[in-house]
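Nothing here was measured: the structure is a model prediction, and the numbers come from that model.
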Amino acid sequence: MRIAFMGTPEFAVPSLAALLEAGHAVVGAFCQPDRPQGRGNRLTACPVKKLALERGVPVFQFEKLRAPEGVAALRALEAELVVTAAFGQILSQELLDIPPRGTVNVHASLLPAYRGPAPINWCIIEGETVTGITTMRTDKGVDTGDMLLQERVGILPGETAGELSARLAPIGAALLIRTLRELEAGNCPRIPQDHAAATRHPMLRKELGRIDWAQPARRIVNLVRGVDPWPGAFTTLGAEVYKIWRAEAEEAAVSAAPGTLLQADAKAGMRIATGGGALRVLELQAPGAKRMATTDYLRGHPMAVGARFGEDA
RNA sequence: CGCGGGGUGGAGCAGUCUGGCAGCUCGUUGGGCUCAUAACCCAAAGGUCGAGGGUUCAAAUCCCUCCCCCGCAA
């Protein structure tokens, strides 16, 4: 099929690769414009753009695809079908009307649950143990279109959003290919979503990573996993910002105020009081330093038991 | 030219300002001790101090150039 692909981050890469692999004519790859990124603010190409260039697929980057130039560009490609995967822009009805065989989206959740731009992160933050991939017909709402195929995937204990995303991406790619095959054969199911059962979660913000020590340790662990690798869970100690990358919940009863440093020993490790149990910090990152095992950190940076995290700001 | 922190035995760090013996907490190895240990005691190995150049009687430390890592902002 003549397909226009739209996607931006790493998650979308296997889907684009699979389309090419399956012999589809990918006539264009749309992704977000290059953004200044990292130290030095250098313009950086997104993963989809890199792959597209590598495979000789024409790349299109519009600040707003729904603006006239974007619409014209898509129209000019004369694609039969549009495939989107974590594109990062909402398609207008005008855009949706262009491809004669419609638009198919690869979404990383079991719709209608976890609609929105960051389903993988939110599943983990909310403590889910099962998620999945849904392929769907894109309509004018955000992740509201009719569902095509769905595949359940278990979330591993301790798995981070980054790890889960890397695991889901190829599963999504495979499901996409199967969906297209069944669409072409005319035997693909098409199931309207139960909108009453839908949940929607917002885009990630930096501030989401701030640890609320009044929460139970178990929820803080889920936050730590769910915002890894971005924005990362963090807390403050005085003016310093510490990131916490790996932690376990300890159910023991704790009487100290939430955020209190209960233990900081280079051998026994670090424990912090929470609103429910203690948080055992296994891996952290101090300002200016790289992430490291808590015990390693404590060897060179003794900390006073009784200090309160998250007290300022 | 966005702002800032950092690179020192295997790990985490101090020492750099004010040049003068390569140091701390661990780990590793060997030995001892103990019913036992995230325990304790004794000993040992392990370093181009990120790279190159310069200044100096003398450079981890001061000057110049470069490389690499990290945080913030976006």
Side-chain angles (χ1 to χ4, degrees), chain A residues 7-12 31-50 61-65 86-90 117-118 121 160-163 202-213 217 220 223-252 254 256 259-273 277-307 309-313:
Chain A
T8 299
E10 203 58 55
F11 176 80
C31 63
Q32 297 277 36
D34 296 356
R35 308 280 189 206
Q37 213 180 357
R39 289 174 283 280
N41 281 340
R42 264 178 275 284
L43 285 181
T44 308
C46 66
V48 163
K49 179 177 180 178
K50 285 176 184 163
Q61 295 171 285
F62 292 96
E63 201 59 55
K64 285 187 177 177
L65 184 59
F87 175 44
Q89 292 190 31
I90 297 172
N121 301 275
T160 67
E163 292 162 352
M203 189 144 42
L204 301 182
R205 289 168 300 110
K206 184 86 183 167
E207 191 60 21
L208 178 69
R210 181 183 295 276
I211 293 172
D212 175 5
W213 292 105
I220 295 174
L223 178 73
V224 169
R225 296 165 55 212
V227 296
D228 180 346
W230 193 88
F234 67 93
T235 187
T236 54
L237 184 60
E240 307 277 75
V241 176
Y242 288 81
K243 287 194 172 183
I244 292 180
W245 289 110
R246 227 155 53 77
E248 287 172 355
E250 215 173 76
E251 297 302 328
V254 172
T260 304
L261 182 56
L262 299 172
Q263 180 182 65
D265 183 277
K267 285 194 174 164
M270 177 185 288
R271 292 191 307 129
I272 299 173
L279 190 77
R280 176 172 291 280
V281 182
L282 301 176
E283 203 174 295
L284 57 67
Q285 183 169 22
K290 58 182 64 174
R291 50 191 289 181
M292 65 183 79
T294 307
T295 49
D296 287 345
Y297 178 76
L298 290 172
R299 248 182 276 293
H301 305 269
M303 298 179 90
V305 168
F309 285 97
E311 271 300 276
D312 56 294

Exercise. B/G5 C1' sits how many Å from A/Tyr297 OH, rounded?
Worked result: 13 Å
Exercise. A/Glu207 CD to B/A73 P: how many Å, rounded?
Worked result: 10 Å
Exercise. Does A/Arg225 come within less than 4.0 Å of A/Asp228, counting only side-chain N to carboxylate O?
Worked result: no
Exercise. Think A/Gln285 has a side-chain N or O under 4.0 angstrom from the OP1 or OP2 of B/C70?
Worked result: no
Problem set entry | Euclidean distance for C1', B/C26 against B/A38 (whole angstrom) | 12 Å
For this session: Provide, to the nearest angstrom, the distance between the CZ atom belonging to A/Arg35 and the P atom belonging to B/G2.
Result: 18 Å
For this session: Just name whichever nucleotide pairs with B/A44, Watson-Crick or G-U, keeping both distances under 3.5 Å, else none.
Result: B/U28
For this session: Report the C-alpha distance between A/Ile220 and A/Trp213 in whole Å, list the side-chain angles of each, state the deciding distance to 0.1 Å, and finish with yes or no for side-chain contact (heavy atoms from CB on, under 4.5 Å).
Result: CA-CA 8 Å; A/Ile220 295 174; A/Trp213 292 105; 3.9 Å; yes
Exercise. Can you tell me how far P in B/U48 sits from the matching atom in B/G52, rounded to whole Å?
Worked result: 12 Å
Exercise. Under a 4.5 Å cut-off applied to non-hydrogen side-chain atoms, are A/Arg271 and A/Val254 in contact?
Worked result: no
Exercise. What is the distance from CZ of A/Arg271 to P of B/A38, rounded to the nearest Å?
Worked result: 17 Å
Exercise. With a non-hydrogen cut-off below 4.0 angstrom, is A/Arg39 in contact with a base, only sugar-phosphate, or nothing?
Worked result: base
Seminar exercise, completed: Re B/G71: Watson-Crick or G-U wobble partner, both distances kept under 3.5 Å, found to be B/C3
Exercise. Separation of A/Leu284 atom CG from B/G12 atom C1', in whole Å?
Worked result: 11 Å
For this session: Find out whether A/Phe234 and A/Glu207 are in side-chain contact, i.e. whether some heavy atom of one side chain is under 4.5 Å from a heavy atom of the other.
Result: yes
For this session: Let me know the distance between CE of A/Met292 and C1' of B/G12, rounded to the nearest Å.
Result: 7 Å
For this session: Return the nucleotide paired to B/C66: Watson-Crick means purine N1 to pyrimidine N3 with N6-O4 or O6-N4, wobble means G-U with N1-O2 and O6-N3, both under 3.5 Å.
Result: B/G50
For this session: Return the nucleotide paired to B/U55: Watson-Crick means purine N1 to pyrimidine N3 with N6-O4 or O6-N4, wobble means G-U with N1-O2 and O6-N3, both under 3.5 Å.
Result: none
Problem set entry | Pairwise C1' distance, B/U29 and B/C35 [rounded to whole Å] | 26 Å
Exercise. Within the structure shown, what part of the strands sits under 4.0 Å from A/Pro287 by heavy-atom distance: base, sugar-phosphate, or nothing?
Worked result: nothing
Problem set entry | Contact under 4.0 Å: A/Lys267 side-chain N or O vs B/G27 OP1/OP2 | yes
Exercise. So does A/Arg299 reach the base of B/G27 with its side chain, donor to acceptor, closer than 3.5 Å?
Worked result: no
For this session: Between B/A14 and B/C24, how far apart are the C1' atoms? Round to whole Å, please.
Result: 7 Å
Problem set entry | Any A/Lys206 side-chain N or O less than 4.0 Å from OP1/OP2 of B/A73 | yes
Seminar exercise, completed: Assign each of A/Asp296 and A/Asp265 the nucleotide of RNA chain B bearing its closest heavy atom; nearer the 5' end lies the nucleotide of A/Asp296
Exercise. Is there side-chain contact between A/Arg246 and A/Thr294, with at least one heavy-atom pair below 4.5 Å?
Worked result: no
Problem set entry | d(NZ, A/Lys243; P, B/C72) in whole Å | 4 Å
Exercise. With rounding to whole Å, what would you report as the distance between B/A45 and B/U55 at their C1' atoms?
Worked result: 37 Å
Problem set entry | A/Ala268 or A/Lys290, whichever maps to the more 5' nucleotide of RNA chain B | A/Ala268
For this session: Verify the contact: side-chain N or O of A/His301 to OP1 or OP2 of B/G12, cut-off strictly under 4.0 Å; return yes or no.
Result: no
Problem set entry | Distance, C1' atom - from B/G4 to B/A44, rounded to whole angstrom | 42 Å
Exercise. Under a 4.5 Å cut-off applied to non-hydrogen side-chain atoms, are A/Phe87 and A/Leu65 in contact?
Worked result: yes
Exercise. Should A/Tyr242 and A/Val281 be marked as a side-chain contact (heavy atoms from CB on, under 4.5 Å) after you check the CA-CA gap, both sets of side-chain angles, and the distance that decides it?
Worked result: CA-CA 11 Å; A/Tyr242 288 81; A/Val281 182; over 6 Å; no
For this session: Determine the Euclidean distance between corresponding C1' atoms of B/G12 and B/U28; express it in Å to zero decimal places.
Result: 16 Å
Exercise. If we call it a pair only when both distances are under 3.5 Å in a Watson-Crick or G-U wobble match, what pairs with B/A14?
Worked result: none
For this session: With P as the reference atom in both, quote the distance from B/U65 to B/U25 in angstrom, rounded to an integer.
Result: 38 Å
Exercise. What is the distance, rounded to the nearest whole Å, between atom CD of A/Gln37 and atom P of B/G71?
Worked result: 13 Å
